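Worksheet: the structure to be examined is printed underneath.
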Protein chains: 2
Amino acid sequence: MPPRHQGNANTESVDNYLKAILALSGPEERRASSSSLADRLGVAQASVTNMLQKLATSPLSFVEYERHRGVLLSAAGKRRALEVLRHHRLIETFLYEVLDYPLEEVHEEAERLEHFISERFEERVAAKLGNPKFDPHGHCIPAMDGKMAKQASVPLTELQEQGTFTVDSISDQDAPLLKRLKAQGIIPGARVHVTKGGADDLVLRTSAASKKLHLSRNLAAAVRVRSAH
Amino acid sequence: MPPRHQGNANTESVDNYLKAILALSGPEERRASSSSLADRLGVAQASVTNMLQKLATSPLSFVEYERHRGVLLSAAGKRRALEVLRHHRLIETFLYEVLDYPLEEVHEEAERLEHFISERFEERVAAKLGNPKFDPHGHCIPAMDGKMAKQASVPLTELQEQGTFTVDSISDQDAPLLKRLKAQGIIPGARVHVTKGGADDLVLRTSAASKKLHLSRNLAAAVRVRSAH
DNA sequence: GCCAATATTTAGGCTTGCCTAATTATTAGG
DNA sequence: CCTAATAATTAGGCAAGCCTAAATATTGGC
């Protein structure tokens, strides 16, 4: 059979570009620069330009791209990116809840599998888990129609006042770091009392251990909190 | 980072060639011909020759290949093929047992995912399932060390005598066909009484429905039985 | 408003794995 | 045992995605 050659299909690589654009655009949907994409994806800048040109040209038109001006997801692109994100977070939840993975290992596995599961798999996993709204890092799982709740949390590093907060989510980007947070009881849902809000040395207390904790900027940046109820 | 370029790594494609060679070699470990591989993999013969040459040349040496004489798995190749087969069958079992997939859908999903799961995933799934020995089609799941029980069953089409048998396994290759077998109660473990052994029209009775069943050659070839206890 | 620093794009190449068409081996029949 | 049919290989190409190096835009500082 001749290759489908449908412009530019849903390959793993395309999915990864779309996901990266989604992440870099943020809630305000800023244009993402080629270099930021190259950074995030770990490829050369030229590769990014190349792919963006292909994506922009493709009849599927996942992106709106202008030379030297960065890129933005189209409606179709956003839909696809959110679908992959949904896959990712459902898989993470599944690995954690059903297969008892250690929290810090779910991301890497999900990153690989998200590209290859079928609609049926997605549906069955969601059903098994009771259509969860959040993954084990506390991140919101996009609904099937792509709708996703807005984030009302703030990184620990940007906290304005001291006080008591609930851990909303922790970053999945760095496994060893995540493991350290976990070891100190900083997981989604945990209560933290922040007693010193310096940018470089955050002091807090968790409800688990009553000892004071010092968080480096690194660690603190990986934690988002919201007001405690 | 420079590409690993380690001769010929464990790509999806390589895995599929190794699996196909394993299947075509059979228990007697016959040499597999290029054309049979091309057939099974749905690629051109030239593609097979090409890949076999690469595999044979690679330092990993997964195969023993001789021009015009077909190919055989090396110890390393067999090890790898059995690992992928283990992945495949564990995933099938998992989809069936844990995610409640319809039997006829597990194969296709497993065929895709088998290449991408980690060792951890394999280990966790096996644990969750209690280290199963058989997949839902009745096929033996290779152990971690590659050991696999010998098959003591025979296809319905090669039955010498009439009598009562236990369904050992049913083929996973053709989903619609599998669905028809399932609908007639012919699934692993079912008891069948074969009353007429003609090659083209097999007549039998299952313990479920007491009506007589006629199986076409197609269907019968997809069923393996063993003596009933 | 110009120029250097930085960001981006173009040009040209590479590997993987596939393809078709043409060629060469092997094998089976008379 | 030779030839025709069949099987396998070689030759030459293509698309996807990546790369480096060279060229070109954009931008911030003076």
Side-chain angles (χ1 to χ4, degrees), chain A residues 1-21 24 30-60 62-72 80 84 111-112 115-116, chain B residues 1-21 24 30-60 62-72 80 84 111-112 115-116:
Chain A
M1 67 197 105
R4 311 154 200 78
H5 196 276
Q6 202 221 18
N8 205 321
N10 287 353
T11 67
E12 186 180 352
S13 193
V14 168
D15 281 353
N16 283 332
Y17 275 89
L18 297 179
K19 265 203 324 175
I21 298 169
L24 291 171
R30 298 178 295 275
R31 302 187 79 88
S33 69
S34 296
S35 48
S36 63
L37 280 166
D39 255 30
R40 179 168 248 265
L41 293 167
V43 299
Q45 275 198 6
S47 306
V48 172
T49 300
N50 210 278
M51 178 61 98
L52 293 184
Q53 286 171 345
K54 273 200 256 181
L55 285 177
T57 303
S58 150
L60 295 169
F62 281 141
V63 303
E64 191 267 275
Y65 166 65
E66 221 175 316
R67 289 178 39 140
H68 293 284
R69 234 164 262 287
V71 71
L72 210 52
R80 177 62 190 159
V84 180
E111 196 71 9
R112 232 177 313 111
H115 308 290
F116 306 107
Chain B
M1 69 196 103
R4 312 156 200 72
H5 196 275
Q6 204 223 16
N8 206 320
N10 288 353
T11 69
E12 185 180 351
S13 194
V14 168
D15 281 353
N16 283 332
Y17 276 88
L18 297 180
K19 265 203 325 175
I21 298 168
L24 291 171
R30 299 177 295 275
R31 302 186 78 88
S33 68
S34 296
S35 48
S36 62
L37 280 166
D39 254 29
R40 179 168 249 265
L41 293 167
V43 300
Q45 272 198 8
S47 306
V48 173
T49 301
N50 210 278
M51 178 61 97
L52 293 184
Q53 287 172 344
K54 273 200 255 181
L55 284 176
T57 303
S58 151
L60 294 169
F62 280 140
V63 303
E64 192 267 275
Y65 166 65
E66 219 175 318
R67 290 178 38 135
H68 292 283
R69 233 164 262 287
V71 71
L72 211 52
R80 177 62 190 159
V84 178
E111 196 70 9
R112 232 176 314 109
H115 308 290
F116 305 107

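Remember, it's a predicted structure, so these values are computed and weren't measured experimentally. In what follows, chains are A, B, ... by sequence order, proteins preceding strands, each numbered from 1.
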Please examine the side chains of B/Val63 and B/Leu72, heavy atoms only from C-beta on, and report whether any two atoms are closer than 4.5 Å. no
Distance in angstrom units between A/Asn50 CG and C/dT9 P, rounded: 11 Å
Counting just side-chain N and O atoms, does A/Ser13 come under 4.0 Å of either OP1 or OP2 of D/dC18? yes
Is a side-chain N or O of A/Ser58 found less than 3.5 angstrom from the main chain of A/Lys54, in a donor-acceptor match? no
With respect to the phosphate group of D/dT9, does any side-chain polar atom (N or O) of B/Ser34 fall under 4.0 Å of OP1 or OP2? yes
Quick check on C/dT16: is either OP1 or OP2 less than 4.0 Å from any side-chain nitrogen or oxygen of B/Tyr17? no
Nearest-0.5 Å distance that lies between atom CG in B/Asp39 and atom OG in B/Ser34: 11.5 Å
By nearest atom, which of the nucleotides D/dT20, C/dT8, D/dT9 is closest to the A/Ser35 side chain? C/dT8
Between P of D/dA8 and CG of B/Asp39, the distance in whole Å: 10 Å
Between C1' on C/dT16 and CD on A/Glu12, what's the gap in Å once rounded to a whole number? 14 Å
Atom pair distance, as rounded to whole Å: CE in B/Met51 and C1' in C/dT15: 12 Å
Of the options D/dA8, C/dT10, D/dA25, whose atoms approach the side-chain atoms of A/His68 most closely? D/dA25
For A/Leu52 and C/dT10, what is the distance between atoms CG and C1' respectively, to the nearest whole Å? 15 Å
Residue met sooner reading DNA chain D from 5', once A/Ala44 and A/Arg69 are mapped to nucleotides: A/Ala44
Proximal nucleotide (of D/dG17, C/dT9, D/dC19) relative to the A/Val43 side chain: D/dC19
OP1 or OP2 of D/dT10 under 4.0 Å from side-chain N/O of B/Gln53: yes
Rounded to the nearest 0.5 Å, the NZ atom of B/Lys19 sits from the CG atom of B/Asn16 at a distance of 5.5 Å
Considering only side-chain heavy atoms of B/Ala46, which listed nucleotide, D/dT26, D/dA8, D/dA11, is closest? D/dA11
Any B/Gln45 side-chain nitrogen or oxygen under 4.0 Å from OP1 or OP2 of D/dT10: no
Choose from D/dC18, D/dA11, C/dG17 the nucleotide whose nearest atom is closest to any side-chain atom of B/Lys54. C/dG17
Of the nucleotides C/dC18, D/dC18, D/dT9, which has the atom closest to the A/Ser47 side chain? D/dC18
Just the rounded figure in Å: distance from P of C/dC18 to CG of B/Leu55. 11 Å
Expressed as a whole number of angstroms, how long is the span from A/Asp15:CG to D/dG17:P? 10 Å
To the nearest Å, how far apart are B/Glu66 CD and C/dA25 C1'? 14 Å
Would B/Glu12 and B/Arg112 count as a salt bridge (Lys or Arg N to Asp or Glu O under 4.0 Å) if you check the C-alpha gap in whole Å, the side-chain angles of each, and the deciding distance to 0.1 Å? CA-CA 9 Å; B/Glu12 185 180 351; B/Arg112 232 176 314 109; over 6 Å; no
Looking at every strand, decide which applies to A/Thr49 at a 4.0 Å heavy-atom threshold: base, sugar-phosphate, or nothing. base
A/Arg67 has its side chain closest, among C/dT10, D/dC18, D/dT9, to C/dT10
Distance from A/Arg31 atom CZ to A/Glu64 atom CD, nearest 0.5 Å? 4.5 Å
